[in-house]
Amino acid sequence: IIDETLRVDDILTNGDFETVVAAGALPSWTDNGAGTTLASTTSRLHGAQALSYTPQTAGDFMYQQRTTITPASQDHMKLTQRNFTFQAWARATAASTARLGMAFTDLGTATYGSYHSGDDQWELLSVIGTPPASATMVEVRLVHDTVSNVRWDLSACWSDPITRYTLPT
């Protein structure tokens, strides 16, 4: 599978999971569960490695990454009126195990995408969310709902385009 999509203004850091340290830490991502994190070099979609994660107990365990939307910025109003898209490739061997989530400032109200089919193939998962006008932060989530290994690769998050025109004077 080759995905040569150009994504401008990807807001994620280490979204390709190429940086996973030996101890299992994943730079730029926060682990909300107690599981086993490894760099997978044998089952990957792109690059030298993918993220391989297995939760210890059932529940909504996830990796998350937060990015600030600065209210004082010129683009704050434009960004809060646009959809954000979060995509990632996932490979799971059990259905209803892996999906993506997105939340904004309050973090309590999240939007979730469809589950991986569980057919042990790479699938592109996606979730789209629109931040409220008061949003100051977007959080993306790699969600594991069962105790089953999932491999993740090539994640990205971006907002709908902001078009600017230079008016002639």
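Computed from a predicted model, the values in this text were never measured in an experiment.
Note that CD of Gln87 and CG of Leu12 are 11.0 Å apart. Values are rounded to the nearest 0.5 Å. Taking CE of Met102 as the start and OG1 of Thr130 as the end, the distance is 9.0 Å to the nearest 0.5 Å. Note: Asp153 CG to Trp89 CH2 = 10.0 Å, rounded to the nearest 0.5 Å. With rounding to the nearest 0.5 Å, the separation of CD in Glu139 from CZ in Arg141 is 4.5 Å. To the nearest 0.5 Å, the span separating CZ on Arg99 from OH on Tyr112 amounts to 6.0 Å.
Closest heavy-atom contact between Gly101 and Val143: N-CG2, 4.2 Å. Across all non-hydrogen atoms, the minimal contact from Val140 to Cys157 is CG1-SG, 3.8 Å. Residues Ala95 and Ser117 approach most closely at CB-O, 3.2 Å, considering heavy atoms. A pairwise comparison of heavy atoms in Pro132 and Phe104 identifies CD-CB, 3.9 Å as the closest pair.
Inter-residue side-chain proximity for Asp145 and Thr97 is flagged as unmet; no heavy-atom pair is nearer than 4.5 Å. For the pair Ser155/Trp29, a side-chain contact is recorded, criterion being any heavy-atom separation below 4.5 Å from C-beta on. A heavy-atom distance below 4.5 Å is found between the side chains of Trp152 and His144. Two residues are said to be in side-chain contact when any heavy atoms from C-beta on lie closer than 4.5 Å; Leu125 and Val127 fail this criterion. Between Leu51 and Leu142 the shortest side-chain heavy-atom distance falls below 4.5 Å. Annotation: side chain of Thr85 is in contact with side chain of Ser126 (closest heavy-atom distance under 4.5 Å).
Contacts of Asp120 classified as salt bridge (Lys or Arg N to Asp or Glu O under 4.0 Å), with partners at least two apart in sequence or in another chain: Arg91.
For an aromatic pair to be called close, the ring centres must be under 6.0 Å apart, and Phe86 with Trp158 fails this.
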Exercise for review: Decide yes or no on side chain to side chain contact (heavy atoms under 4.5 Å, CB included) for Ser148 and Thr93, but give the supporting numbers first.
Suggested key: CA-CA 8 Å; Ser148 185; Thr93 57; 3.9 Å; yes
Check your understanding: Can you list the steps and then say if Trp122 with His116 is a side-chain hydrogen bond (donor to acceptor under 3.5 Å, both in side chains)?
Key -> CA-CA 9 Å; Trp122 286 102; His116 188 283; over 6 Å; no
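A donor-acceptor distance shorter than 3.5 angstrom exists from the side chain of Gln65 to the backbone of Thr13, with no hydrogens or angles considered.
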